[in-house]
Protein chains: 2
Amino acid sequence: MTAPTRRITLKDLARELGVSTATVSNAFNRPDQLSPALRERILGEASRLGYHGPDAKARSLRTGRSRIIAVILAESLTYSLNDAVASEFLSGVAEVLDAQGHTLLLLSSRQTQGQIPGSASMADGFIVYGLMPSPSLLGRLPAQASLVSVDFDIAGRPTVHVDNEAACLAIARHALRTPPRRPAVVNLRLTAEPCNGRITPAHALLGAEQTITRSRLTGFHRALAEHGIDPAGVPMWNIEENTFEVCAPVIETILDRPDDERPDLLLCMSDRIALTAVTLAEQRGLRIPEDLRITGFDGIAEGQYRAPRLTTVRQDSTEKGRTAARIILGLAPAEPSLLPTELVIGANCP
Amino acid sequence: MTAPTRRITLKDLARELGVSTATVSNAFNRPDQLSPALRERILGEASRLGYHGPDAKARSLRTGRSRIIAVILAESLTYSLNDAVASEFLSGVAEVLDAQGHTLLLLSSRQTQGQIPGSASMADGFIVYGLMPSPSLLGRLPAQASLVSVDFDIAGRPTVHVDNEAACLAIARHALRTPPRRPAVVNLRLTAEPCNGRITPAHALLGAEQTITRSRLTGFHRALAEHGIDPAGVPMWNIEENTFEVCAPVIETILDRPDDERPDLLLCMSDRIALTAVTLAEQRGLRIPEDLRITGFDGIAEGQYRAPRLTTVRQDSTEKGRTAARIILGLAPAEPSLLPTELVIGANCP
DNA sequence: CTGAAAGCGCTTACAG
DNA sequence: CTGAAAGCGCTTACAG
């Protein structure tokens with residue numbers, strides 16, 4: 001009770017013990033630099049005095065490294081944290097960081113302030129997920145920090161990808177083995193301008209370097225062409241946000257068409273879209289798969305634990321996260337990484 | 001291209017401009033401390049030289065504040081990020097932090113290393129979610145940091161709670177209006193020792209200060225007693241983790257009992273448990289609600305967007321997160337906060 | 001409105 | 001194996 005109203009520092013501890021600050025620092029950081037006996041004495045005294053080890057702020061300034069890795073999410077944190085695919089990705093990142101004594105800072109490129117808070121620059125590395133951030137945001141990141149992009153490319157930086165086109169080719173080929181009369185595609189963020197509804201020729205579409213949806217669509221179109229169906233004649237809808245709330249009205253538009261205009265095959269860009277379609281179709285008394293077949297993308301748990309089980313492409317989002325984290329920590333080579341996908345055939349599109 | 005191989009600092013910028021470092025600092029942090037013209041000149045030169053503002057590490061050492069808030073989760077990050085309730089909570093926290101220019105650091109009290117990494121001590125405040133962390137972990141947090149606990153109490157610290165007992169009393173009263181023949185309770189982490197299965201008298205139970213499950217159970221028991229049912233005669237099961245994978249085997253045990261022993265009312269401690277029960281009951285051809293009625297807790301979206309819609313208690317996890325964040329940032333008084341819940345009556349227990 | 005100077009708490013060559 | 005000293009990049013009274 002020597003009234004330590006002030007927080008105790010390494011210097012205090014050194015003075016108390018009659019050793020230099022270097023030795024105390026070594027006791028915590030480089031055990032081999034001092035005798036075990038002395039180290040014991042220092043650590044013992046430290047815990048007696050309530051000193052929990054070198055201050056992280058000072059250490060990070062001195063060493064230049066914070067042991068913090070930031071993930072920059074394309075969507076808002078609110079959306080991302082509630083999206084199964086993004087959550088799995090994050091949990092993969094967290095798993096590896098955790099095992100390496102690193103810590104996860106969550107950022108969104110849709111930050112309220114319009115820009116990443118300055119405190120973000122504390123991070124040693126950045127994992128950018130889902131969408132090309134604005135050039136100004138990218139420019140603000142510390143030049144020496146490492147960077148890896150996921151699901152899109154940043155010139156000269158390592159990337160983690162899934163082969164979207166091949167995966168969509170495979171699932172569409174499977175679906176088309178039973179010839180549909182009226183196939184249709186439900187896209188996710190394909191249009192240059194926001195659009196929740198039918199895509200018309202007037203809509204400009206994003207390029208393959210801006211959205212993975214484009215590659216997925218290419219896969220669908222290749223399969224359609226193989227089966228003698230002109231892709232240009234296949235109607236497309238678009239959805240801006242991968243949530244039930246945003247999907248539902250668009251899906252309703254599709255399902256409420258007259259029987260002879262309603263699609264009998266819905267190629268969806270995500271499981272969330274597909275699940276919404278299943279739910280709304282069931283509510284309307286449509287039989288799945290007799291009246292309507294539906295395919296998804298992602299392989300989220302919710303689609304596999306319900307009846308009818310979803311036909312989809314499983315991508316291992318967790319492994320994506322692990323891979324990105326390994327690259328950022330230098331545990332894996334800083335080169336483009338392409339992860340496999342798996343066709344999962346469920347009861348709603350056998 | 002004056003070969004700035006080294007990162008540019010505030011000092012460099014000051015020298016370049018012929019002003020003091022204080023003035024450059026003020027240009028970024030206290031616009032009112034210098035003339036607009038000078039400030040313009042400084043900011044202009046800064047962006048020309050690629051200086052993006054004061055270094056966060058140095059600033060945090062100097063000011064003692066990092067603008068980082070840490071959330072310490074009871075479960076692993078992998079689990080928490082994939083759990084709907086925890087995700088919603090985090091998104092509420094993120095929303096408020098974001099609006100205040102703060103940033104979210106994710107920690108788990110189940111960190112692989114067995115303890116929180118040192119970098120965590122950089123945070124200005126800690127939100128502890130879901131479970132009392134070990135005293136040693138609590139002791140390692142910087143003494144001057146602010147702390148708020150959610151769903152449990154830490155002596156002398158502000159807390160955010162939901163009235164679990166009242167909510168469970170209400171939902172059980174609703175369910176018991178149709179008298180069950182064989183009611184049962186499925187708990188979540190109620191036993192002192194891990195238990196996935198039937199709870200026997202041999203099991204020690206956690207206290208109300210250790211787990212919210214205890215308060216929920218008290219609510220159920222009060223309602224049962226009101227209806228003349230001896231709570232001691234109501235069988236209980238327990239589940240350790242709120243996932244389909246862990247719930248399913250326990251639920252199967254329950255549903256696979258002979259017809260005259262199988263419960264016809266399942267009071268579940270979470271929607272995840274309830275949804276697992278619905279799925280497995282449907283697979284067995286049990287009619288809901290005729291053969292089996294099921295209630296949940298939480299009000300997650302997945303339970304509301306499927307048929308039969310879940311009967312549950314909705315708690316606003318997002319608001320819980322917002323409240324905790326407001327308290328930690330000093331935007332709300334540092335006092336206990338009790339959030340309301342809402343009884344939601346669905347088709348699986350009308 | 002502007003500047004000189006101290007110091008936040010630590011780590012790291014370096015010398016002994 | 002141990003210590004004296006420099007300095008990471010910044011902010012903040014304080015004096016002018």
Side-chain angles (χ1 to χ4, degrees), chain A residues 4 6-43 45-46 49-67 118-119 121-124 142-145, chain B residues 4 6-43 45-46 49-67 118-119 121-124 142-145:
Chain A
R6 204 171 52 81
R7 167 143 139 269
I8 195 168
T9 69
L10 185 148
K11 204 168 160 187
D12 299 332
L13 185 56
R15 194 185 318 110
E16 197 75 25
L17 284 156
V19 299
S20 78
T21 59
T23 300
V24 178
S25 174
N26 284 334
F28 283 98
N29 300 317
R30 304 173 162 190
D32 56 310
Q33 295 293 302
L34 72 175
S35 68
L38 179 55
R39 178 156 191 261
E40 276 307 299
R41 191 160 76 87
I42 293 175
L43 263 33
E45 187 68 8
L49 265 50
Y51 180 74
H52 299 309
D55 177 79
K57 296 189 194 79
R59 181 200 294 231
S60 74
L61 172 58
R62 178 58 230 228
T63 63
R65 315 215 305 105
S66 60
R67 300 188 147 253
S119 54
S121 67
M122 213 140 19
D124 293 339
Q144 78 282 17
Chain B
R6 204 172 53 82
R7 168 142 139 273
I8 195 167
T9 69
L10 185 147
K11 205 168 158 188
D12 299 331
L13 186 55
R15 194 184 320 110
E16 197 73 27
L17 285 156
V19 300
S20 79
T21 59
T23 300
V24 178
S25 174
N26 285 334
F28 283 98
N29 300 317
R30 304 172 162 192
D32 54 310
Q33 296 293 300
L34 71 175
S35 69
L38 180 55
R39 178 157 191 258
E40 276 307 299
R41 193 160 75 87
I42 293 176
L43 264 32
E45 187 67 8
L49 264 52
Y51 180 76
H52 299 308
D55 176 79
K57 297 189 194 79
R59 180 199 296 229
S60 74
L61 172 58
R62 177 59 231 228
T63 62
R65 315 213 306 105
S66 60
R67 297 187 150 256
S119 55
S121 67
M122 215 144 13
D124 294 338
Q144 77 283 16

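In the text below, chain A, chain B and the rest are named by the order of the sequence lines, each starting its count at 1.
Here the CZ atom belonging to B/Arg15 is positioned 9.0 Å from the CD1 atom belonging to B/Ile8, to the nearest 0.5 angstrom. Between the CZ atom of A/Arg67 and the CZ atom of A/Arg59 there is a distance of 7.5 Å, given to the nearest 0.5 Å. Here the NZ atom belonging to A/Lys57 is positioned 9.5 Å from the CZ atom belonging to B/Arg65, to the nearest 0.5 angstrom. Annotation: the span from A/Leu34 atom CG to A/Ile42 atom CD1 amounts to 5.5 Å, rounded to 0.5 Å. Residue B/Gln33 holds its CD atom at 12.0 Å from CG of B/Leu38, rounded to the nearest 0.5 Å. Between the OH atom of B/Tyr51 and the CG atom of B/Asp12 there is a distance of 9.0 Å, given to the nearest 0.5 Å.
A heavy-atom distance below 4.5 Å is not found between the side chains of A/Ser121 and B/His52.
Residue B/Met122 contributes atom CE, which lies 15 Å from atom C1' of C/dC8 at whole-angstrom precision. Atom C1' of nucleotide D/dG9 and atom NE2 of B/His52 are separated by 16 Å, given to the nearest angstrom. Distance, A/Phe28 CZ to C/dG9 P: 15 Å, rounded to whole Å.
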Seminar exercise, completed: Read 5' to 3' with Watson-Crick or G-U pairs under 3.5 Å, [ ] for crossing pairs and | for partners on another strand, DNA chain D gives |||.||||||||.|||

Exercise. When you check every protein heavy atom under 4.0 Å of nucleotides 10-16 of chain C, what one-letter string (B, S, -) results, 5' to 3'?
Worked result: BBB----

Per-pair distances, 0.1 Å, donor-acceptor, side chain in residues 16-23 of chain B, under 3.5 Å, sequence neighbours excluded:
unit_1: B/Ser20; atom_1: OG; unit_2: B/Ala22; atom_2: N; d: 3.3
unit_1: B/Ser20; atom_1: OG; unit_2: B/Thr23; atom_2: N; d: 3.2
unit_1: B/Ser20; atom_1: OG; unit_2: B/Thr23; atom_2: OG1; d: 3.3

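Comparing B/Leu61 and B/Ser35 against DNA chain C, the residue whose closest nucleotide sits nearer the 5' end is B/Ser35.
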